[in-house]
Amino acid sequence: MEQRSGHPGFERSSRHNRDFSRRGDWREHRPPWWPENEEWPPKRSHWRNWRARNPFLRRLGCVFAVFNLFSFIFIAAIIGLILNAFGIIHFSLDQFQWLFPLGGLFLAFVIAMIALAGLNLRRMSGPLDDLLDASNKIAEGDYSARVDERGPREVRSLARAFNSMAARLEVDDQQRRAMLADVSHELRTPLTIIRGNIEGILDGMYPADEARMKSILEETQVLSRLVEDLRTLSLAESGALQLKREPTDLVSLIRETVAAFQSQADEADIKIEMSLSKNELSLEVDPERIRQVLTNLLSNALRYSPRGGAVKIGWSESGSGPGRRAIVSVEDAGPGIASNDLPHVFDRFYKSADSRGMGLGLSIAKVIVEAHGGEIKAESEAGSGTKISFSLPC
C-alpha cells in the first residue's frame, strides 16, 4: 500500500482531489460556456422526467415487451407440440385449442408491426436524408442550410435543434467576419501614420524632432491598447479570463482612478464630481480589472462631455444579505446616445456616427463586470447625456 501511494498517478489524483476541494463544490461555479438563459446548477434528471422526455423510447420498449411475450408463448407451444409428437410428453390437443387463435393474433400483430415499422421508416427516412444533406453543407461552410421540421415528433425535435445550431453557427461566422474587417480597419490607420512618418524622416521630408517622435509614439500606444483590448475580449469569450480577486476598497479605487484623469479633465475644462456615500467599501474583486472598467467609462465620459461640463461619479448599495450589491455610475453631460444606437453600445466595434473611439471600451467593461458576477447597463437620451452604471456583488 505504501508503494502504491507513492505512484505518480496516485499523487496526481490526490493533488487533483485536494485542488477540487479547495475550489469548492463545482455547483457553486457557473462555467463561462453555460447558456445565460438556463439555470445553474442543472437539475438532476430522475426516472420520471426521463420517461416524460422520451416517449419514443417508451413506446418502443412497450412494443418489444409485447412482441417478446407473444414470441415466448408461440415458441413454447411449438416446442410442446414437437415433444408431444416424439412421445416425450403427453397431452391432448383439444386442451390447447386456444393456442390457434392466439397464433393467428400473433401473426396479425407481426404483420401490423411490420407495416407500422415500414410506415414510420418512410416518415423518418425523408427528414433524416434532409438532415444528412444539410449537415454536409454545414461541414462545407454553408451555414445558411436549414431543414423542414417534419416527420415524427422526435425527428421534428432533432430538426428544430439542428436549425437552432445552424443559426447560431451562422451568427458566429458573421460576427467573426465582421470582427476581422473591423480589426483590419482599426489597425490600418495607426500603421499608415507610423509608416508615413518614418518614411518622411528617412527621405528627409520631416525632421526627426521630439514632436514627430511623440506622434509616432502615440500611434504605437494606440496599437498597443488595441491589441491588449482584443486579447482581453478573446480571453473572456473563451472563458480563460483570469481574475485575481482580493479584498479591495472600492471607494479608494474610484478616487485613485479619478485622480489619474484629473489633469486631463482640467485641460478640457471639465469638472469631475464624486458622490460617495461612504469612505470605504471592501469587495472581493480584481482591482486591476475593475480599474480598467472605471478607466474606460471615465475616458468615454470625458471624451463626449463639452467644455465647462461635468462628469458625475457615484456609488450606492442595493439589497441585503447575500443579494447585496454595490452600484457604481458614471454620468456625462454629452450629446447622449440615439435610441437606435443604445441597445448596441456594448457590442464589439459598434460605433455611432459621431463616435471617436474604437468601439471596444464598453465591450471590455461588460465582459469584466460579468466575469465578476455583476451587470452593466446604459441609460441615455439624445441631448441629455449618458449614464453608465454597473453593479458588483458585495
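Within the 3.5 Å criterion, the main-chain N or O of Leu132 finds a donor-acceptor partner in the side chain of Asn136. Judged by distance alone, with hydrogens and angles left aside, the side-chain atoms of Thr248 form a donor-acceptor pair with the main-chain N or O of Glu246 at under 3.5 Å. Under the 3.5 Å distance criterion, the side-chain polar atoms of Asp203 are left unmatched by any main-chain donor or acceptor of Met205. The backbone N or O of Asp286 lies less than 3.5 Å from a partner atom in the side chain of His372, making a donor-acceptor pair. No side-chain donor-acceptor contact under 3.5 Å links Ser305 to the backbone of Leu302. With hydrogens and angles ignored, the 3.5 Å screen pairs no side-chain donor or acceptor of Thr386 with any backbone N or O of Ser380. Between the side chain of Thr192 and the backbone N or O of Arg188, at least one donor-acceptor pair lies under 3.5 Å. Judged purely by atom type and a 3.5 angstrom limit, Ser224 has no side-chain atom pairing as donor or acceptor with the backbone of Thr220. Checking side-chain atoms of Ser363 against main-chain N and O of Asp347 turns up a donor-acceptor pair under 3.5 Å.
Of all non-hydrogen atoms in Leu250 and Ala326, the two that sit nearest each other are CD2-CB, 4.2 Å. Gly373 and Pro393 make their closest contact through O-CD, 3.9 Å (heavy atoms, listed as atom of the first residue, atom of the second, distance).
Taking the side chain as every heavy atom from C-beta outward, Thr232 and Arg289 approach each other to under 4.5 Å. Side-chain contact between Leu243 and Val285: absent, with no pair of heavy atoms (C-beta onward) separated by less than 4.5 Å. Taking the side chain as every heavy atom from C-beta outward, Met165 and Leu169 approach each other to under 4.5 Å.
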**Study point:** Candidate pair Ser389 and Ser329, rule side chain to side chain donor-acceptor pair (under 3.5 Å), full reasoning
**Key:** CA-CA 4 Å; Ser389 57; Ser329 62; over 6 Å; no
Practice item. Applying side chain to side chain donor-acceptor pair (under 3.5 Å), run through Asp266 and Gln262 and close with a yes or a no. Key: CA-CA 6 Å; Asp266 294 340; Gln262 193 61 57; 3.1 Å; yes
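In this view, Glu379 satisfies the side-chain hydrogen bond (donor to acceptor under 3.5 Å, both in side chains) rule with no residue, not counting sequence neighbours. For Arg231, the side-chain hydrogen bond (donor to acceptor under 3.5 Å, both in side chains) test picks out no residue, with sequence neighbours left out. Applying the salt bridge (charged side-chain N to carboxylate O under 4.0 Å, His left out) criterion to Arg150, with sequence neighbours excluded, gives Asp130.
Across Asn296, Ile290, Thr295, a single residue satisfies side-chain contact (heavy atoms from CB on, under 4.5 Å) together with Gln292, and that is Asn296.
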